[in-house]
Amino acid sequence: MPGQKIETGHSDIIHDVSMDYYGKRVASASSDATIKINSLTSVPLATLTGHNGPVWQVTWAHPKFGSLLASCSYDGTVIIWKEDNLNTWTPAHTFNDHKSSVNSIAWAPHELGLCLACGSSDGNISVYTARSDGGWDTTKIEQAHPVGVTSVTWAPSMEPGSLIGSGEFEPVQKLASGGNDNTVKIWKFANGVWKMDCVSALKMHTDLVRDVAWAPNLGLPKSTIASGSQDGRVVIWTMAKEGEEWKGKVLNDFNAPVWRVSWSLTGNLLAVASGDNNVTLWKEAVDGEWQQVTTVE
């Protein structure tokens with residue numbers, strides 16, 4: 001299908017766009033310090049103001065928690081926005097824990113509750129979990145990447161292989177993060193604390209990691225993470241079985257910084273946005289090799 005152009009109304013660079021659960025509305029984050037919500041036909045629905053610097057990311061919560069958005073900014077804050085009436089948004093909560101730019105945010109799988117991970121240039125990752133009384137609990141990964149966290153992504157809540165094994169379904173709480181130290185790290189929450197879940201950081205990039213994305217696994221045994229870097233390469237990391245080592249494989253060298261990597265809902269297609277102004281789609285073949293399916297014009 002042909003691409004659809006949406007006029008956002010921003011007056012500066014757009015850093016992120018996010019479509020709501022039903023695919024009806026698009027939220028965009030910009031250096032003009034605002035978030036804009038538009039319909040797919042470019043009808044402006046709302047402008048959210050509250051940040052004092054460029055807004056790097058914006059993301060919709062699962063609709064089971066109501067109509068909520070989260071945004072993060074260069075100003076060091078994370079704002080949870082609530083839609084009170086149709087297209088009327090107010091800041092429901094502002095987090096000020098970070099000492100510098102908050103670069104990435106990600107809502108946890110809805111099975112884990114209303115839970116938001118945030119990665120910052122101060123080196124820390126914070127995880128905010130909503131309580132039933134309206135407050136929020138905070139857990140932290142101190143100095144996850146001491147020179148700065150660039151991206152965070154949640155693992156699927158189903159333990160790998162849970163469809164094949166038997167027994168009760170226990171949701172798993174895991175994160176992956178990328179940083180300015182050129183590495184990807186895996187974290188697991190157990191007994192009230194976050195700990196590294198891999199023996200050492202995953203190292204294959206030669207420059208800062210701009211984005212990490214954990215693929216949906218639908219309960220299958222293999223875990224897969226994509227990472228995109230300033231070095232121009234996308235690496236696909238896989239763990240064949242829980243407890244085994246992560247192995248990395250270069251998907252492609254784009255010869256330009258890779259800005260974003262994003263999986264389809266079924267986890268079999270990867271979209272890559274790179275500094276050569278292209279978005280390409282990739283699919284894993286039967287033999288395990290990755291092939292480019294198409295370029296999004």
[X] [atom1]: over 12 foreign heavy atoms closer than 6.0 Å:
{"X": "Tyr74", "atom1": "OH", "result": "no"}
{"X": "Gln143", "atom1": "CD", "result": "yes"}
{"X": "Lys140", "atom1": "NZ", "result": "yes"}
{"X": "Asn191", "atom1": "CG", "result": "no"}
{"X": "Phe65", "atom1": "CZ", "result": "yes"}

Quick one: closest heavy-atom pair of [X] and [Y], and the distance?
{"X": "His10", "Y": "Ala29", "result": "NE2-N, 4.2 Å"}
{"X": "Ser30", "Y": "Asp12", "result": "OG-O, 3.3 Å"}
{"X": "Lys188", "Y": "Val172", "result": "CE-CG2, 4.1 Å"}
{"X": "Val212", "Y": "Val209", "result": "CG1-CG1, 3.9 Å"}
{"X": "Trp81", "Y": "Thr49", "result": "CH2-O, 3.6 Å"}
{"X": "Ala27", "Y": "Ile35", "result": "CB-CG2, 4.4 Å"}

Measuring only between side-chain heavy atoms, which start at C-beta, is [X] closer than 4.5 Å to [Y]?
{"X": "Ile14", "Y": "Lys36", "answer": "no"}
{"X": "Arg260", "Y": "Asp211", "answer": "yes"}
{"X": "Thr129", "Y": "Cys115", "answer": "yes"}
{"X": "Phe189", "Y": "Val127", "answer": "no"}
{"X": "Asp197", "Y": "Glu242", "answer": "yes"}
{"X": "Leu251", "Y": "Val261", "answer": "no"}
{"X": "Leu202", "Y": "Val235", "answer": "no"}
{"X": "His98", "Y": "Asn124", "answer": "yes"}

Mind checking whether [X] and [Y] sit in one hydrophobic cluster, side chains of I, L, V, M, F, W, Y counted as touching below 4.5 Å?
{"X": "Val258", "Y": "Leu270", "result": "yes"}
{"X": "Ile37", "Y": "Ile79", "result": "yes"}
{"X": "Ile236", "Y": "Leu269", "result": "no"}
{"X": "Val184", "Y": "Trp246", "result": "yes"}
{"X": "Trp290", "Y": "Val272", "result": "yes"}

Does one side chain, of [X] or [Y], offer a donor that lies under 3.5 Å from an acceptor on the other?
{"X": "Ser223", "Y": "Asn217", "answer": "no"}
{"X": "Asn278", "Y": "Thr280", "answer": "no"}
{"X": "Asp84", "Y": "Thr90", "answer": "yes"}

(message) Looking at Glu284 and Lys222, is any side-chain nitrogen of the basic one under 4.0 Å from a carboxylate oxygen of the acidic one?
(response) yes
(request) Please determine if Lys249 and Glu289 form a salt bridge, counting it only when a charged side-chain N lies under 4.0 Å from a carboxylate O. (result) yes
Nearest-0.5 Å distance that lies between atom [atom1] in [X] and atom [atom2] in [Y]:
{"X": "Asp122", "Y": "Asp97", "atom1": "CG", "atom2": "CG", "value": "9.5 Å"}
{"X": "His145", "Y": "Ile125", "atom1": "NE2", "atom2": "CD1", "value": "5.5 Å"}
{"X": "Thr206", "Y": "Asp231", "atom1": "OG1", "atom2": "CG", "value": "4.0 Å"}
{"X": "Lys174", "Y": "Leu112", "atom1": "NZ", "atom2": "CG", "value": "12.5 Å"}
{"X": "Ser177", "Y": "Trp194", "atom1": "OG", "atom2": "CH2", "value": "10.5 Å"}
{"X": "Trp259", "Y": "Asn277", "atom1": "CH2", "atom2": "CG", "value": "10.5 Å"}

(message) One pair to check against side-chain contact (heavy atoms from CB on, under 4.5 Å): Trp107 and Leu114. What are the steps and the verdict?
(response) CA-CA 7 Å; Trp107 290 110; Leu114 188 62; 3.3 Å; yes
Between [X] (side chain) and [Y] (backbone), is there a donor-acceptor pair under 3.5 Å?
{"X": "Thr59", "Y": "Ala70", "value": "no"}
{"X": "Asp75", "Y": "Asn52", "value": "yes"}
{"X": "Asn38", "Y": "Val26", "value": "no"}
{"X": "Arg233", "Y": "Met204", "value": "yes"}
{"X": "Gln4", "Y": "Leu40", "value": "yes"}
{"X": "Gln57", "Y": "Ile105", "value": "yes"}
{"X": "Ser104", "Y": "Val152", "value": "yes"}
{"X": "Ser42", "Y": "Glu7", "value": "yes"}
{"X": "Lys241", "Y": "Met239", "value": "no"}
{"X": "Trp60", "Y": "Tyr21", "value": "no"}

(message) Apply side-chain contact (heavy atoms from CB on, under 4.5 Å) to residues Trp282 and Val234 and explain how you reach the verdict.
(response) CA-CA 11 Å; Trp282 298 78; Val234 170; over 6 Å; no
(request) For the pair Val149 and Ser120, evaluate side-chain contact (heavy atoms from CB on, under 4.5 Å) and give the outcome as yes or no after the intermediate values. (result) CA-CA 5 Å; Val149 183; Ser120 168; 5.7 Å; no
(request) Return the orientation label for the His93 and Phe95 ring planes: parallel under 30°, perpendicular over 60°, tilted otherwise. (result) tilted
(request) Begin from the C-alpha positions of Leu48 and Val55 and carry the test side-chain contact (heavy atoms from CB on, under 4.5 Å) through to its verdict. (result) CA-CA 11 Å; Leu48 283 51; Val55 185; over 6 Å; no
(request) Indicate, with yes or no, if the rings of Trp214 and Trp187 have centres closer together than 6.0 Å. (result) no
